[in-house]
Amino acid sequence: VTVETITPALAKAMLQKNKHNRKLKPQPVSAYARMMTNGEWKESGDTICFDTDGLLIDGQHRLAAVVESGVTIKTAVARDCAPEVFSVKDTGSLRTYADILHISGQQNANIIASMVAVIWAVQHKAPWYLRGLSRGLVSRDEFLAFYQQLDRLEDSLEFAFSKELGVGRGVLGGLHWLCAQKEQLMANHFFTDLITGASLAPAHPTLLLRGQLIRMSKATAKTPVHCRAALIIKTWNVTRGAKHSSPLRYLLGEDFPEIL
């Protein structure tokens, strides 16, 4: 194993020897390239590997990122690796976003990481990522930087749990945090009412939503997470004075609602 300087031209040449590797995924390439361009790339100790025939068996995404970014990096390169090594490359346990928050000192790392993913998805108008972010879409450094911009996440933890509603803790906690940025006290009342259903009139929009979410959680065909989140946001908007039709609906393909 040697540490070598990988220029964009050399990376392109190395990729020519990529014959039997898995299909290149554009998202991690773009994320790595962004980190290289921004000066955030850190050498992890992972090697770029070539087998005994000189074929590339690991490192294609890093090399493609060097080509895309035009940035020269230094990295470890291993040659003459046994071809069977390919079958076990990249199967180890990667650090999750929760791991990153735990290392940074966050005690409620799992739920906070899920909440941050929800907040990111809503703010970036990408509701299909409400179930969780891909490491290829958002790098670990980018995730940590985004998390550090969010104040008082812990205040939303108490609103992040309800077995009955069948909505993930990250979704409830993340949506509470987002709504609290509009009006803290109203958000506290809205999510308390949604979770408990206490003292609400039978036709109250929040109670109707609660019943709808409970029915969805018990149904055989599960409603996508982003559809349930959209219904919560729509009902929140009604409590803020938005006009609505009854009952509230969210159709696949419909624009994801803004939080008012």
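Along the sequence shown, residues carry numbers from 1.
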*Asks:* Is it true that, when you exclude Asp255 itself, more than 12 heavy atoms of the residues, nucleotides or ligands shown sit nearer than 6.0 Å to its CG?
*Replies:*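 Open.
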
*Asks:* Drop me the distance from Leu56's CG to Arg79's CZ, to the nearest 0.5 angstrom.
*Replies:*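 Reported to 0.5 Å precision, the distance equals 10.5 Å.
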
*Asks:* Does Asn237 reach the main-chain N or O of Leu260 with its side chain, forming a donor-acceptor pair under 3.5 Å?
*Replies:*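 The answer is yes, because a donor-acceptor pair under 3.5 Å joins these two groups.
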
*Asks:* For Leu55, does its backbone N or O pair with a side-chain atom of Asp51 as donor and acceptor, under 3.5 Å?
*Replies:*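 Checking the backbone N and O of Leu55 against the side chain of Asp51, a donor-acceptor pair under 3.5 Å is found.
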
*Asks:* Mind checking the SG-CD1 spacing from Cys179 to Ile233? Nearest 0.5 Å is all I need.
*Replies:*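 The CD1 atom of Ile233 is 7.0 Å from SG of Cys179, to the nearest 0.5 Å.
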
*Asks:* If I compare all heavy atoms of Met14 with all of Phe50, which pair ends up nearest, and what's the gap?
*Replies:*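 Looks like CG-CZ, 3.7 Å.
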
*Asks:* Taking distance alone, no hydrogens or angles, what donor-acceptor pairs closer than 3.5 Å link side-chain atoms of residues 67-77 to residues at least two apart or in another chain?
*Replies:*
from	atom 1	to	atom 2	distance (Å)
Ser69	OG	Ala65	O	2.8
Ser69	OG	Val66	O	3.4
Ser69	OG	Val71	N	3.2
Thr75	OG1	Glu43	OE1	2.9
Thr75	OG1	Glu43	OE2	3.3

*Asks:* Minimum heavy-atom separation for Gly59 and Ile48, please, with both atom names.
*Replies:*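 So the two residues come closest at CA-CG1, 4.3 Å.
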
*Asks:* Do Arg240 and Ile259 have side-chain heavy atoms sitting under 4.5 Å apart?
*Replies:*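 A side-chain contact is absent here, since even the closest heavy-atom pair is not under 4.5 Å.
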
*Asks:* Would Arg210 and Glu164 pass as an ion pair if we require N to O under 4.0 Å?
*Replies:*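 Counted as a salt bridge, because a side-chain N and a carboxylate O are separated by less than 4.0 Å.
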
*Asks:* Would a single hydrophobic cluster contain both Leu101 and Phe146, if residues Ile, Leu, Val, Met, Phe, Trp and Tyr are joined by side-chain heavy-atom contacts under 4.5 Å?
*Replies:*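 In one cluster: yes.
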
*Asks:* For Val171 versus Ala229, what's the shortest heavy-atom pair and its separation?
*Replies:*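 The pair with the smallest heavy-atom distance is CG1-CB, 4.2 Å.
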
*Asks:* With side-chain contact (heavy atoms from CB on, under 4.5 Å) as the test, pick out the partner of Thr206 among Thr192, Val238, Thr235.
*Replies:*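 The side-chain contact (heavy atoms from CB on, under 4.5 Å) with Thr206 is passed solely by Thr235 among Thr192, Val238, Thr235.
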
*Asks:* Using every non-hydrogen atom in the two residues, find where Arg228 and Gly166 come nearest and quote the distance to one decimal.
*Replies:*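 Minimum heavy-atom separation between Arg228 and Gly166: NH1-O, 2.7 Å.
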
*Asks:* What is the minimum heavy-atom distance between Val118 and Gly170, and which atoms define it?
*Replies:*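 That closest heavy-atom pairing would be CG2-O, 3.5 Å.
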
*Asks:* CG/Leu15 to CG/Leu10 distance, rounded to the nearest 0.5 angstrom?
*Replies:*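 Rounded to the nearest 0.5 Å, the CG-CG separation comes to 9.5 Å.
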
*Asks:* Between Arg169 (side chain) and Ala160 (backbone), is there a donor-acceptor pair under 3.5 Å?
*Replies:*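 Yes, because the side chain of Arg169 sits within donor-acceptor range (under 3.5 Å) of the backbone of Ala160.
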
*Asks:* Indicate every side-chain donor-acceptor pair of residues 220-227 with a distance under 3.5 Å to a residue at least two apart or in another chain.
*Replies:*
from	atom 1	to	atom 2	distance (Å)
Lys222	NZ	Ser217	O	2.5
Lys222	NZ	Ala219	O	3.1

*Asks:* Okay, side chain of Arg62, backbone of Tyr32: is any donor-acceptor separation there less than 3.5 Å?
*Replies:*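 Between the backbone of Tyr32 and the side chain of Arg62 there is no qualifying donor-acceptor contact (under 3.5 Å).
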
*Asks:* In this structure, are over 12 heavy atoms from other groups packed under 6.0 Å from His102 atom NE2?
*Replies:*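 No, not enclosed.
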
*Asks:* Using the side-chain contact (heavy atoms from CB on, under 4.5 Å) rule, take Glu154 and Gln106 through it: C-alpha gap first, then chi angles, then the decisive distance, then the call.
*Replies:* CA-CA 10 Å; Glu154 290 80 2; Gln106 174 55 249; 2.9 Å; yes

*Asks:* In Å, rounded to the nearest 0.5 Å, how long is the span from CG of Leu213 to CZ of Arg215?
*Replies:*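 If we round to the nearest 0.5 Å, Leu213:CG and Arg215:CZ are 9.0 Å apart.
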
*Asks:* Output the distance between atom CG (Leu150) and atom OG (Ser156), rounded to the nearest 0.5 Å.
*Replies:*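 Going from CG on Leu150 over to OG on Ser156, the span is 10.0 Å.
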
*Asks:* For a side-chain contact (heavy atoms from CB on, under 4.5 Å) check, start with the C-alpha distance between Leu63 and Gln60, then their side-chain angles and the critical distance, and finish with the verdict.
*Replies:* CA-CA 5 Å; Leu63 291 172; Gln60 63 169 342; 5.7 Å; no

*Asks:* Is there side-chain contact between Gln123 and Leu178, with heavy atoms separated by less than 4.5 Å?
*Replies:*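 Gln123 vs Leu178: side chains touch.
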
*Asks:* Do the side chains of Leu208 and Leu200 join up, straight or via other hydrophobic residues, at under 4.5 Å, putting them in one cluster?
*Replies:*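 Shared cluster, no.
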
*Asks:* Of all the heavy-atom pairs spanning Gly197 and Leu207, show the shortest one and how long it is.
*Replies:*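 Result for this residue pair: O-CD1, 3.9 Å.
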
*Asks:* State the CD1-CG distance between Ile214 and Leu165, to the nearest 0.5 angstrom.
*Replies:*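 These two atoms lie 5.5 Å from each other.
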
*Asks:* Are more than 12 heavy atoms from other residues, nucleotides or ligands located less than 6.0 Å from atom CD of Gln148?
*Replies:*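 Correct, the count exceeds 12.
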
*Asks:* Would you call the rings of Phe256 and Tyr250 parallel, tilted or perpendicular, where under 30° means parallel and over 60° means perpendicular?
*Replies:*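 Because their plane-to-plane angle is over 60°, the rings of Phe256 and Tyr250 count as perpendicular.
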
*Asks:* Can you establish whether the number of heavy atoms outside Gln107 located under 6.0 Å from its atom CD is more than 12?
*Replies:*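 No.
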
*Asks:* For residues 184-191, run the donor-acceptor check on the side chains, cut-off 3.5 Å, and write out each pair with its distance to 0.1 Å, sequence neighbours left out.
*Replies:*
from	atom 1	to	atom 2	distance (Å)
Gln184	NE2	Asn188	OD1	3.1
Asn188	OD1	His176	NE2	2.8

*Asks:* Test Trp177 against every option in Asp155, Leu153, Val122 by the side-chain contact (heavy atoms from CB on, under 4.5 Å) rule and name the one that passes.
*Replies:*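 Running side-chain contact (heavy atoms from CB on, under 4.5 Å) over Asp155, Leu153, Val122 with Trp177 returns exactly one hit, Leu153.
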
